[in-house]
Amino acid sequence: MMIMHVQIHVKAEHIEAFKAATIANASASAREPGVLRFDFVQQTDDPQRFVLVEIYRDAADHAAHRETAHYKTWRDTVADMMASPRTAAKYNRIFPPAEK
């Protein structure tokens, strides 16, 4: 399992357009066979900050996601909306334990 948290800081004037583009991407991403979860959240005390919580079966599924048309469209659409480059951290699940 591969878990990613993608931190995104959006320019204030692009918040609504960013949300629309990201909802479209998240909706399509959630339907990919290797995606276990794809959450899109907005920080309550700073509405310019967002996090994508992406959970894939494995690294190959994440690589496949990055080759989809909807991801490439999102990446290109939101590039100029960001106040700073997005960052990502990868995590391993500790609990609950994997089902056997």
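- In Asn92, the CG atom is not crowded: 12 or fewer heavy atoms of neighbouring residues, nucleotides or ligands sit closer than 6.0 Å.
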Inset, instruction - Given side-chain contact (heavy atoms from CB on, under 4.5 Å), test Phe50 with Ile15 step by step and report yes or no. - result: CA-CA 10 Å; Phe50 297 86; Ile15 289 174; 4.1 Å; yes

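- For the pair Gln43 (side chain) and Arg49 (backbone), a donor-acceptor distance under 3.5 Å is absent.
- At a threshold of 4.5 Å between side-chain heavy atoms, the hydrophobic network of Ile, Leu, Val, Met, Phe, Trp and Tyr places Val78 and Tyr71 in one connected group.
- Linking Ile, Leu, Val, Met, Phe, Trp and Tyr whenever their side-chain heavy atoms come within less than 4.5 Å leaves Trp74 and Val51 in two separate clusters.
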Legend entry - Worked verdict on Phe38 versus His65 for ring pair (Phe, Tyr, Trp, His ring centres under 6.0 Å): CA-CA 11 Å; Phe38 202 100; His65 164 71; 5.7 Å; yes

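- Expressed to the nearest 0.5 Å, how far CZ of Arg86 lies from CE of Met81 amounts to 12.5 Å.
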Inset, instruction - Apply side-chain contact (heavy atoms from CB on, under 4.5 Å) to Met2 and Asp58, showing your working. - result: CA-CA 5 Å; Met2 180 179 169; Asp58 55 37; 5.9 Å; no

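- Val41 is not connected to Ile55 by any chain of hydrophobic side-chain contacts under 4.5 Å among Ile, Leu, Val, Met, Phe, Trp and Tyr, and they are in different clusters.
- Counting heavy-atom neighbours within 6.0 Å of Arg37 CZ, excluding the residue itself, gives a total of 12 or less.
- Between the side chain of Arg93 and the main chain of Pro96, a donor-acceptor pair closer than 3.5 Å is present.
- Using modelled atom types, no side-chain atom of Arg66 and backbone atom of His62 make a donor-acceptor pair closer than 3.5 Å.
- A single hydrophobic cluster is seen to contain both Met82 and Val6, as judged by linkage of ILVMFWY side chains at heavy-atom distances under 4.5 Å, directly or through other members.
- Summarising the geometry, atom OG1 belonging to Thr68 is positioned 6.5 Å from atom CG belonging to Asn25; distances are rounded to the nearest 0.5 Å.
- Within 6.0 Å of the NZ atom in Lys11, the count of heavy atoms belonging to other residues, nucleotides or ligands exceeds 12.
- Side-chain contact of Glu32 with His70: a donor-acceptor pair under 3.5 Å is present, judged by distance alone.
- Side-chain contact check for Gln42 versus Lys19: some heavy-atom pair is nearer than 4.5 Å.
- Here Glu54 contributes atom CD and Asp61 contributes atom CG; the two are 12.5 Å apart, rounded to the nearest 0.5 Å.
- Residues Leu36 and Leu52 do not share a hydrophobic cluster, clusters being chains of Ile/Leu/Val/Met/Phe/Trp/Tyr side chains in contact below 4.5 Å.
- Within the 4.5 Å cutoff, the side chain of Phe40 has no heavy atoms near those of the Val53 side chain.
- Surrounding CG of Asp80 are at most 12 heavy atoms belonging to other residues, nucleotides or ligands under 6.0 Å away.
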